[in-house]
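Quick note on labels: first sequence line is chain A, next is B, and so on, each numbered from 1. A quick note: this is a predicted structure, and the numbers were derived from the prediction, not measured. What you see below is based on every heavy atom in this structure, not just the backbone, and it leaves out hydrogens, waters and symmetry mates.
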Number of protein chains: 2
Amino acid sequence: MPNARAHLEEAKELWVVEDDALYRKTISSLLHDVEGIHCDHAFGRCEDALRALDTEPAPDVILMDLGLPGMNGIEGTRKVREISPATRVIILTIHEDNEKIFDALCAGASGYLLKSSPPDEIERAMMEVLKGGAPINAQIARKMLAMFTHLTGPRNPSLLTQREREILKGMVDGLTKKQIAEQLILSYHTIDTHIKNIYAKLQVHTRGGAVAKALNDHLL
Amino acid sequence: MPNARAHLEEAKELWVVEDDALYRKTISSLLHDVEGIHCDHAFGRCEDALRALDTEPAPDVILMDLGLPGMNGIEGTRKVREISPATRVIILTIHEDNEKIFDALCAGASGYLLKSSPPDEIERAMMEVLKGGAPINAQIARKMLAMFTHLTGPRNPSLLTQREREILKGMVDGLTKKQIAEQLILSYHTIDTHIKNIYAKLQVHTRGGAVAKALNDHLL
DNA sequence: CGTGAAATACCGCAAATACGGTATTGAATC
DNA sequence: GATTCAATACCGTATTTGCGGTATTTCACG
């Protein structure tokens, strides 16, 4: 490795995008001297950081604020990941609302910290993300968990009977009544009656509605 | 507060469920003396802990292993949360596979740590969970994130045209062709043709299959 | 022991669907 | 300027569906 600074040969490049000048200075000086991290780029606007990506080698990690003038941090994260997929983005913000968290993670962020976090958590997070982890503040993780369990849904299998679930499964798989009957070794008429009952329970009148409810409410 | 131990008045009760006797001793002695934590119950089996829940005041936090003899930690977590919803369960295990993580979190775990975590991370996690957070190991969080983005899906809206998506949306909502036509102010025949094309693109032959693909692949 | 719910089976028919065609228009791409 | 493609529209028909009935068996629960 043709690098004179032997003790820094593994130094990872870090950029900071943060509009508040004071906090920007604080955070970059905090991380500047940490061993293994090299931080000498700090931007006040997403656009500036993106422009820099065109001319300079992409950093390993970007600490990204969300509430920025001009392009917001979520859009910025998306753009960064388009230009340089290897660069990991850690969100560092004061926003705790579910939508922001959700959008940021979907935009490709690898971590989510709060500005209220103690400095050592931020430093730890840097290390974790370089090891391939996704450092997420415990308060944020709690909200993620809630979203998570919500996404996987209020499992309510008790609404439908075992048999009804099997038939609903067939509908989800795109089978006709006849095919479901064959698969479950039941009469066509039996399937017919069951589907009738399923529709009544789910309060729908079409296959589409039933399948949508099945998947959205995780009834299978 | 009628508690003589003034300096311990806020002490939180912690239980440990861990079958490996050595690790159990290590972890509980590690946490025994931490300020604000009171840990004097450690079980080798889930069943024992559940039985204790019947006769003793429920703890604030339980550190739960997953690979246990008899009832596994996931089932145990579910049971604990049924009996004492206020008790927070932190999973502490060596298992890193997605399914275990997923199931544990769905069962109501508030945190997920790895036994390879340094002791101070475990101690920090205890504190975080008591503050209402969900401490999740960064490696685990990374997997959660992956599941998360997978759940929200590989959005591939380019497969279908805008119009086709609108019609598919109608099918998901359980509308008939006629109703979709009315909603979009199009002819019935137009809807018919579009649905034909949608089926071809999605390689399905029924409404159920189309709706299922739409929701699973997040085509809307 | 009765009662009810689940699973099973059957009938009939109007409505909706799936799918094979063909065809025009406008916008985009080449 | 030609071509591709999305969006629109129409036709015919075999098949499937949705839903109104009725009815039997089985099994759990009070």
Side-chain angles (χ1 to χ4, degrees), chain A residues 82 153-220, chain B residues 78-79 82 153-220:
Chain A
E82 275 173 26
R155 291 171 196 273
N156 191 356
S158 55
L159 178 61
L160 300 180
T161 68
Q162 172 62 31
R163 195 51 111 175
E164 285 166 345
R165 276 196 296 278
E166 290 179 273
I167 287 155
L168 188 51
K169 173 79 164 51
M171 292 197 274
V172 170
D173 290 341
L175 305 179
T176 67
K177 288 181 189 175
K178 201 190 291 180
Q179 289 172 322
I180 298 173
E182 285 163 7
Q183 181 181 295
L184 300 180
I185 318 177
L186 293 177
S187 145
Y188 162 84
H189 306 286
T190 303
I191 304 301
D192 192 40
T193 305
H194 279 306
I195 289 184
K196 216 187 307 181
N197 295 333
I198 292 170
Y199 285 4
K201 286 186 179 180
L202 301 187
Q203 302 182 60
V204 298
H205 312 279
T206 64
R207 276 172 121 69
V211 169
K213 274 226 159 154
L215 294 176
N216 282 327
D217 297 355
H218 296 85
L219 299 174
L220 300 179
Chain B
R78 208 187 312 277
K79 287 261 197 291
E82 275 173 26
R155 291 170 199 275
N156 190 356
S158 54
L159 178 61
L160 300 181
T161 69
Q162 173 62 30
R163 193 52 107 177
E164 285 166 345
R165 276 196 296 278
E166 290 178 272
I167 287 154
L168 188 51
K169 173 77 164 53
M171 291 197 274
V172 170
D173 290 342
L175 306 179
T176 67
K177 288 180 188 176
K178 200 190 291 180
Q179 288 172 321
I180 297 173
E182 285 163 8
Q183 182 182 295
L184 299 180
I185 320 177
L186 291 177
S187 145
Y188 162 84
H189 305 286
T190 303
I191 304 301
D192 193 39
T193 305
H194 279 306
I195 290 184
K196 217 187 305 181
N197 296 333
I198 292 170
Y199 284 5
K201 286 186 179 180
L202 301 187
Q203 303 183 64
V204 297
H205 311 280
T206 64
R207 276 173 121 68
V211 169
K213 274 228 158 150
L215 294 176
N216 282 328
D217 298 354
H218 297 85
L219 299 175
L220 300 182

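B:N197 has its CG atom 15 Å from the C1' atom of D:dT4, to the nearest Å. Atom-to-atom, CG of A:L186 to P of D:dT25 comes out at 18 Å; the value is rounded to the nearest Å. Remark: C1' of D:dT16 and CD of A:E182 are 14 Å apart, rounded to the nearest angstrom. In this structure, B:Q162 places its CD atom 13 Å from P of D:dA6, rounding to the nearest Å. For the pair B:R207 CZ and D:dT17 P, the interatomic distance rounds to 12 Å; values are reported in whole Å.
Nucleotides of DNA chain C that come within less than 4.0 Å of any heavy atom of chain B span, from the 5' end to the 3' end, C:dA16 to C:dG21.
For the OP1/OP2 pair of D:dT8 and a distance below 4.0 Å, the side-chain nitrogens and oxygens of B:H194 include at least one atom meeting the criterion. An OP1 or OP2 oxygen of D:dG18 is reached within less than 4.0 angstrom by a side-chain nitrogen or oxygen of A:Y199.
In terms of modelled atom types and a separation under 3.5 Å, the side chain of B:Y188 and the main chain of B:E182 share no donor-acceptor contact. At distances below 3.5 Å, at least one donor-acceptor pair connects side-chain atoms of B:K201 with backbone N or O atoms of B:L159.
At a threshold of 4.0 angstrom between heavy atoms, the contacts of A:K177 include nucleobase atoms, whether or not backbone atoms are also involved. In this structure, B:S187 reaches the sugar-phosphate backbone alone: every heavy-atom distance under 4.0 Å involves primed, P, OP1 or OP2 atoms, never a base. Across all strands, B:T206 comes closer than 4.0 Å only to sugar-phosphate atoms, never to a base (heavy-atom distances).
Inter-residue side-chain proximity for B:L175 and A:T206 is flagged as unmet; no heavy-atom pair is nearer than 4.5 Å. Between A:I180 and A:H194 the shortest side-chain heavy-atom distance does not fall below 4.5 Å. At a threshold of 4.5 Å between non-hydrogen side-chain atoms, the residues B:R163 and B:L184 count as touching. Inter-residue side-chain proximity for A:L219 and A:R165 is flagged as unmet; no heavy-atom pair is nearer than 4.5 Å.
In this structure, B:K169 pairs ionically with B:D173, as a charged nitrogen and a carboxylate oxygen lie closer than 4.0 Å.
Two residues, A:L175 and B:R163, neighbour DNA chain D, and the one matched to the more 5' nucleotide by heavy-atom proximity is B:R163. In terms of position along DNA chain C, the nucleotide closest to A:K201 lies nearer the 5' end than the nucleotide closest to the other residue of the pair A:K201 and A:K196.
Scanning atom types as modelled, one donor and one acceptor separated by under 3.5 angstrom connect the side chain of A:D192 and the base of D:dC19.
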